[in-house]
> 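Pasting in a structure now, in structure tokens, and then I'll have a few things to ask.
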4 protein chains.
Amino acid sequence: MVGESGRARRERRGERRREEILSAAARVFAAKGYHGATTREIAEAADVAEGTIFNYFPTKRDLLVALFERGADRMLAVALQYDDALPVAEALTDRLATVLGFYARNRVYIRAIAAEAWTDPQLLETYVLPRLQRVAGALSEFLRARISAGHLRPFDCDLGARLLMGMVAALMLPIVRGTQEPPGVAERRRLAASVVDLFLRGVAASAGG
Amino acid sequence: MVGESGRARRERRGERRREEILSAAARVFAAKGYHGATTREIAEAADVAEGTIFNYFPTKRDLLVALFERGADRMLAVALQYDDALPVAEALTDRLATVLGFYARNRVYIRAIAAEAWTDPQLLETYVLPRLQRVAGALSEFLRARISAGHLRPFDCDLGARLLMGMVAALMLPIVRGTQEPPGVAERRRLAASVVDLFLRGVAASAGG
Amino acid sequence: MVGESGRARRERRGERRREEILSAAARVFAAKGYHGATTREIAEAADVAEGTIFNYFPTKRDLLVALFERGADRMLAVALQYDDALPVAEALTDRLATVLGFYARNRVYIRAIAAEAWTDPQLLETYVLPRLQRVAGALSEFLRARISAGHLRPFDCDLGARLLMGMVAALMLPIVRGTQEPPGVAERRRLAASVVDLFLRGVAASAGG
Amino acid sequence: MVGESGRARRERRGERRREEILSAAARVFAAKGYHGATTREIAEAADVAEGTIFNYFPTKRDLLVALFERGADRMLAVALQYDDALPVAEALTDRLATVLGFYARNRVYIRAIAAEAWTDPQLLETYVLPRLQRVAGALSEFLRARISAGHLRPFDCDLGARLLMGMVAALMLPIVRGTQEPPGVAERRRLAASVVDLFLRGVAASAGG
DNA sequence: CATGAATGAGTCTTCATTCAT
DNA sequence: GATGAATGAAGACTCATTCAT
């Protein structure tokens, strides 16, 4: 029964080490930006020697890439599924509240990678744009289905999806940026509901605008 | 009696040179990010010697700061004035179309500074946040006034302003980022109108959700 | 059980490396002056990479400061103790010969730092003046005691101390500067004796002027 | 009678300009050292444009050389002539007091060039050493003559001359360095007399030491 | 001759990456 | 695998010097 011991245990320890380093990198990147962060600082934050980082990630940039990889698909899992059984308002509110929760929990990661995604076309095209398009596509699809079902009036669904995503982003910006405390679950639901309400009813006075 | 002899001419040339360098910096920052850009590249882009840059800007960072300063107040001029004489829809559409135009024309500058505004708290707090707050405040004020006038139903105007700004940002993001061509004036007006329409009427079917 | 495993050995090597760099710096400073010396030259003289210097000294100036620190207290140890049991002439000769020896052995260091001490008020005030004052004070004290004991006629001891130090400096200047070979131990003793003889007896003919 | 006007006046004006620049350079070198001084600072201190300096001195270093040249021979004029008609004590005191006066008046120049003379072998060998040797030689000669005349007991005159010069240097160091106020004429005479007194009589108690 | 903007070689310093232990 | 000292390429910035005006 020496069984898993040797190799497996070592592998798990290695995996844990890798995670520690990556999460240390996220914290340091979030605080100082990718360029402002030094591998020495990351090593200190991860409580390992500087050289150890390079046993797990060939270059500093690979830390960034790994953060993108890790984050990208987590987001998809959260942002794609709409519940077709629920009324529009609730289905949307549900999804938005969940997305807000994702942002809130991962705000450090997101802060860490956002500036680089902006600057680095390679990262943008490989990791960010495809995901955003899938998220937008799913949302657009949902809206289209609800129009067909008569739950929504006809409108440009692609544009609508983009605008909804913009609204969510606007809400999360200060939280991700760190200038505002992350909202609790109830607050998130309330925010999501407000957005959905506005999106559905508009703000015009009863009889038009 | 040569007219504006020496001094004045030289000063104007200096001013022009300063502008050339600054605009070269904007282009290089936009392309490679602040950290990715070297002073040598900027000098090449401006077609001057590396040292010349430092005759006009004490440090590389001052190039960035100058870009922020130049951009910040231009934006305010554009985003603050709402026409109280027009109907809500038109007043908003007007403003939004103008803002979209500003983004489109200044997309290179904005691309250049955005990543650093995200990363650098000093720049964020000095240049970006105050302006965003004033823009949001003016919009919020406008909405509040229109509620009082009975043109809009009562709702949380601060939130509404934020969401509107988020929608505009969502529209401009790909253009500023350079992944999409800037829209012409007609297209901008159409986009603005769509946003305003959605904002005012909502997307719900008939008169409910 | 390899004894003083890893850590200790590495620390000692680091200490040695530090010394190598510092002594290389002293040689280059002595040859070209602080400003004339480049970190590249120092690195070459120490046979390390340029960056290695900065693992041991945060800035080039810290090399200079370290040289001052190292030299300053060594000098005090040598210049302060007078033997009260000996006759004046011998006590003084002893001390002077020892000081000459110190200068001769440390001439490279002294040459390295002298110009900067002259130029840099911070270094002068922190390292040089306090030590010179202590040396002068001790010498002055010694003279005063010997006057009380009747071994010397009454005179201004502070002035006398200063003049004695000037004489010693005058002797060592060409040696420190490198335009003259350093004297051996016998020669140093002879020089010291000559200075003391002149200082005690004067040069006037017979018993007057 | 347009006489001297043209060329001569211009030449005199040029000469004056040259002097202004040189004296500005001396002040700035004295304050910051040769390397610490920039041509821009010198230009400001001389109230001319930076380029103007180079109309008078081909390189920055030539400013330094000019300072050496100007100073060197002035010193010789002062330090060489001994009055053979006076008693030893008075002849020496006279000379020393005059030299002290020279140091005091020219302390800024001397401070400016001292560090560089120390560092730069070329300057040292061309300007400083030859002059020092001539000064020492003259002093030595004077002493030798007075020994022959029976005014002084026989001793090593070269050594004696060097020691005397060391004593004078020791007195002037703090004044040249700027840490002590320059002495007035009376004080200088008193100091010179003290030095000479000590040099002639020594400090031993009446009957030996 | 005076001016001062332009020049670019030369410096110190940083930091990702390597590798001997 | 872990360590951290060594490496050296690369970058921001300085400043003596030039030269068009």
Side-chain angles (χ1 to χ4, degrees), chain A residues 10 13-14 17 35-44 47-63, chain B residues 2 5-7 9-11 13-14 17-18 21 35-43 46-63, chain C residues 2 5-7 9-11 13-14 17-18 21 35-43 46-63, chain D residues 10 13-14 17 35-44 47-63:
Chain A
R10 217 180 296 138
R13 208 169 43 181
R17 205 32 96 77
H35 287 278
T38 66
T39 51
R40 176 187 297 248
E41 284 170 323
I42 296 169
E44 268 162 22
D47 199 31
V48 297
E50 217 175 336
T52 303
I53 294 176
F54 293 89
N55 288 338
Y56 293 90
F57 301 91
T59 73
K60 183 188 174 192
R61 188 158 196 280
D62 287 295
L63 286 166
Chain B
V2 195
S5 68
R7 168 94 51 156
R9 190 167 347 122
R10 209 185 286 155
E11 255 171 32
R13 212 177 41 183
R17 195 46 82 87
R18 203 187 126 94
I21 292 171
H35 288 280
T38 69
T39 52
R40 174 187 298 256
E41 284 169 325
I42 295 169
D47 198 32
V48 296
E50 210 174 342
T52 302
I53 294 176
F54 295 91
N55 288 342
Y56 292 89
F57 301 91
T59 72
K60 181 187 173 193
R61 189 159 197 277
D62 286 294
L63 286 167
Chain C
V2 195
S5 67
R7 166 95 50 157
R9 191 167 347 124
R10 208 185 286 156
E11 256 171 31
R13 212 177 38 184
R17 194 48 81 89
R18 203 188 127 94
I21 292 171
H35 288 280
T38 67
T39 51
R40 175 187 297 257
E41 285 169 324
I42 296 169
D47 197 32
V48 296
E50 211 174 342
T52 302
I53 294 175
F54 294 90
N55 288 342
Y56 292 89
F57 301 91
T59 72
K60 182 188 174 192
R61 189 159 198 277
D62 285 294
L63 286 166
Chain D
R10 216 179 299 136
R13 208 170 42 181
R17 204 32 97 76
H35 288 278
T38 66
T39 51
R40 174 187 300 247
E41 284 169 322
I42 296 169
E44 269 162 22
D47 199 31
V48 297
E50 217 175 335
T52 304
I53 294 176
F54 293 89
N55 288 337
Y56 294 89
F57 302 91
T59 73
K60 183 188 175 192
R61 189 159 196 280
D62 287 296
L63 285 166

> What's the closest nucleotide to the A:Val48 side chain, out of F:dC13, F:dT3, F:dT7?
F:dT3
> By nearest nucleotide on DNA chain E, pick out whichever of D:Gly51 and C:Thr39 is the more 5' one.
D:Gly51
> Heavy atoms, side chains only, cut-off 4.5 Å: are B:Ile53 and B:Leu63 in contact?
yes
> Heavy atoms only, 4.0 Å cut-off, all strands: where does C:Ala37 land among base, sugar-phosphate and nothing?
sugar-phosphate
> From the list E:dC12, E:dG4, F:dT17, which nucleotide is the closest neighbour of the side chain of D:Ala49?
E:dG4
> Is any side-chain N or O of C:Tyr56 closer than 4.0 Å to OP1 or OP2 of F:dA6?
yes
> Counting only Watson-Crick pairs (N1-N3 plus N6-O4 or O6-N4) and G-U wobbles (N1-O2, O6-N3), all under 3.5 Å, who is the partner of F:dT14?
E:dA9
> Rounding to a whole Å, what distance do you find between A:Arg61:CZ and E:dC15:P?
19 Å
> Specify the separation, in whole Å, of atom CD1 of C:Ile42 and atom C1' of E:dT11.
12 Å
> Over how many whole Å does the gap from C:Glu41 atom CD to E:dG10 atom P extend?
12 Å
> Using the closest heavy atom to pick a nucleotide of DNA chain F for each, name whichever of B:Glu50 or C:Gly14 lands nearer the 5' end.
C:Gly14
> Nearest whole angstrom, please: distance from the C1' of F:dA5 to the CD1 of C:Ile53.
14 Å
> Describe the nucleic acid contact of C:Phe57 in one word from base, sugar-phosphate, nothing, applying a heavy-atom distance below 4.0 Å.
nothing
> From F:dC15, F:dT17, E:dT7, pick the nucleotide closest to the side chain of D:Thr38?
F:dC15
> Remember a base hit wins even if backbone is also touched, and classify B:Arg17 as base, sugar-phosphate or nothing at under 4.0 Å, heavy atoms.
sugar-phosphate
> Can a side-chain donor-acceptor contact be found between B:Thr52 and B:Asn55 if the only test is distance below 3.5 angstrom?
no
> Verify side-chain contact (heavy atoms from CB on, under 4.5 Å) between B:Ile21 and B:Arg18, making sure each step is shown before the conclusion.
CA-CA 5 Å; B:Ile21 292 171; B:Arg18 203 187 126 94; 6.0 Å; no
> With respect to the side chain of B:Phe54, which nucleotide from F:dC13, E:dT14, F:dA5 is positioned closest?
F:dC13
> E:dA5 C1' sits how many Å from B:Arg18 CZ, rounded?
15 Å
> E:dT17, E:dA6, F:dC13: which one has an atom nearest the side-chain heavy atoms of B:Thr52?
E:dA6
> Considering non-hydrogen atoms only, spot the tightest contact between C:Glu50 and C:Arg40 and give its length.
OE2-N, 3.6 Å
> Taking all non-hydrogen atoms of both residues, which atom of A:Thr39 and which atom of A:Phe54 are closest, and how far apart?
CG2-CZ, 4.0 Å
> Any side-chain heavy atom of D:Asp62 sitting closer than 4.5 Å to one from D:Tyr56?
no
> Without decimals, in angstroms, what is the distance between B:Arg13 CZ and E:dA6 P?
7 Å
> Hunt down the Watson-Crick or G-U wobble partner of F:dA20, both distances under 3.5 Å, from any strand shown, or write none.
E:dT3
> Could you check how far NE2 of C:His35 sits from C1' of F:dC15, rounded to whole Å?
14 Å
> B:Asn55 has an atom CG; how far is it from atom P of F:dT18, in whole Å?
17 Å
> Looking at the side chain of D:Lys60, which of E:dC1, E:dT17, F:dA16 is the nearest nucleotide?
F:dA16
